[in-house]
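A short write-up of the structure that comes next.
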Amino acid sequence: MNNSAVVILNWNGQKLLEQFLPSIIQHSGNAQIYVADNASTDTSISFIQSQFPQVQIIQNRSNFGFAQGYNEALKQVHEPIFVLVNSDIEVTENWLTPIEKLLHEQSNVAIVQPKILDFKDKTKFEYAGAAGGFIDRLGYPYCRGRIFDCIEEDLGQYNDTQSIFWASGACFGIRKNVFTQLQGFDTDFFAHQEEIDLCWRAINLGHEIVYCSESTVYHVGGATLQASNPQKTYLNFRNSLCMLTKNLPLLSLLPILFIRLVMDGLAGIQFLLQGKAAHCWAIVRAHFGFYSLFAKMWKKRSAHQELNYYKINSIVFRYFVRKQRKFNDLFLT
């Protein structure tokens, strides 16, 4: 049996598979390649069967979204390492070896993210993950190489192997036994921030998450759900509140939730002033969606919550007030 399974989640993505699947097949060594299909209605399946018969197809019975889509598919994958790859990722030569090496040689490491650069401009980091993710005290995510919409050029400043807080769902490797221990992604999330929640739960159980610059991939980004789509706004705001409820230390939970609800209201006002009423309404819907899920999220809290989950108190303050737009600037005195 191969040590690694490269698993690509697909939904009506034949054009993306045509473009990016060849590089994954070419550069993934002896890994078994799987396409987990979320009940596509295009000709994705017949295309793979005719053009790439070496790829194993797992057919989900419905469009389960990212979280449940992977959970259902990975039940049928038996390799000890899962490497989850978005369908809009171009991999590079030898991209998989450093990920496998870290997971084989360092037993404390459970999840590994490669360097994620922008497919459209390969000199820059990509929004979804860049050089590894962190969150501030209030749970706002940011990355080495990307803070809000400020994207850094890759000048080798993050050419290292570094512990991080979360790995991007666009591309990461995870031990099968850890994924099973965590019971996979939270299916209530459907999509967006489920990877941060997964990583936070892993850290609460004592696992380590690592960024590895020796592995590089290029990500298109937004190929399945554009940032302009209000549904993306809804999922991001709702899921962020759910994630905080599940993972924050108990004494911090209510104060931070209150602050986040206020800041979400300010974000809604900003959307209105920008003429984006649909996004403002998406935030309102997100809050009601969160309230309906609160009791369920509370029951999912683990016995231990890591107290040292953040490096800075507020990325919003650092970015908008102190004008610190690059990750390394955050730690300058």
(message) Main chain of I116, side chain of E126: is a donor-acceptor contact present, judged purely on distance under 3.5 Å?
(response) no
(request) Could you tell me whether the side chains of S168 and Q113 share a donor-acceptor contact shorter than 3.5 Å? (result) no
(request) Determine, for F82 and R175, whether the Lys NZ or Arg CZ falls below 6.0 Å from the six-membered ring centre while staying within 45 degrees of the axis. (result) no
(request) Examine W166 and V112 and state if one hydrophobic cluster contains both, with Ile, Leu, Val, Met, Phe, Trp and Tyr joined whenever side-chain heavy atoms are less than 4.5 Å apart. (result) no
(request) For D136 and I315, indicate whether the former's side chain and the latter's backbone hold a donor-acceptor pair under 3.5 Å. (result) yes
(request) Rounded to the nearest 0.5 Å, what's the gap from CG on L257 to CG on L244? Could you check? (result) 6.0 Å
(message) Here's one to test your reading of the geometry: is the NZ or CZ of R260 within 45 degrees of the ring axis of Y140 and under 6.0 Å from its centre?
(response) yes
(request) Could you grab the distance from atom NZ of K232 to atom CZ of F237, nearest 0.5 Å is fine? (result) 12.5 Å
(request) Tell me whether Y310 is reachable from L250 by hopping between hydrophobic residues (I, L, V, M, F, W, Y) whose side-chain heavy atoms are closer than 4.5 Å. (result) yes
(message) Count I, L, V, M, F, W, Y as connected when their side-chain heavy atoms are under 4.5 Å apart, and connections chain through other members. Are I256 and F258 then in the same cluster?
(response) no
(request) Can you spot which of F134, F125, F148 makes a ring pair (Phe, Tyr, Trp, His ring centres under 6.0 Å) with F327? (result) F134
(message) Using the rule side-chain hydrogen bond (donor to acceptor under 3.5 Å, both in side chains), only one of N247, D197, D188 pairs with K300; which is it?
(response) D188
(message) Can you confirm whether more than 12 heavy atoms, excluding those of K15, are under 6.0 Å from its NZ atom?
(response) no
(message) What I want to check is whether the side chains of Q32 and E79 have a donor and an acceptor closer together than 3.5 Å.
(response) no
(request) Find out if a path of hydrophobic residues (ILVMFWY) with successive side-chain heavy-atom gaps under 4.5 Å connects F20 to L96. (result) no
(request) Give me the ring orientation class for F52 and F47: parallel if the planes are under 30° apart, tilted from 30 to 60°, perpendicular past 60°. (result) perpendicular
(message) Does this structure show an ion pair linking D186 with R201, if we count only N-O contacts that are shorter than 4.0 Å?
(response) no
(request) Look at the side chain of N12 and the backbone N and O of D42, then say whether any donor-acceptor pair between them is shorter than 3.5 Å. (result) yes
(message) What I want to check is whether the side chains of Q181 and H207 have a donor and an acceptor closer together than 3.5 Å.
(response) yes
(request) Report the distance from atom CG of N10 to atom CG of D37, rounding to the nearest 0.5 Å. (result) 5.0 Å
(message) Could you check whether S23 and E90, counting side-chain N and O atoms only, form a donor-acceptor pair closer than 3.5 Å?
(response) no
(message) Let me check something: do M243 and I111 share a hydrophobic cluster, defined by ILVMFWY side-chain heavy atoms less than 4.5 Å apart, either directly or through other members?
(response) yes
(request) May I ask you to decide if H287's main-chain N or O and R238's side chain share a donor-acceptor pair within less than 3.5 Å? (result) no
(request) Check whether any side-chain N or O of N60 sits under 3.5 Å from a backbone N or O of A39 as a donor-acceptor pair, and report yes or no. (result) no
(request) Keeping the roles fixed (side chain from Q157, backbone from L155), state whether a donor-acceptor pair exists under 3.5 Å. (result) yes
(message) Is it the case that atom CZ in R301 sees more than 12 heavy atoms from other parts of the structure closer than 6.0 Å?
(response) yes
(request) Assign the ring pair F165 / Y309 to parallel, tilted or perpendicular, where the plane angle (0 to 90°) is split at 30° and 60°. (result) tilted
(message) Can a side-chain donor-acceptor contact be found between Q76 and Y34 if the only test is distance below 3.5 angstrom?
(response) no
(request) Answer yes or no for R285 and Y234: cation-pi contact, defined as NZ/CZ to six-membered ring centre under 6.0 Å and angle to ring axis within 45°. (result) yes
(request) Look at the side chain of Y70 and the backbone N and O of V7, then say whether any donor-acceptor pair between them is shorter than 3.5 Å. (result) yes
(request) Hey, could you give me the CD1/CG distance between I209 and L198, rounded to the nearest 0.5 Å? (result) 7.5 Å
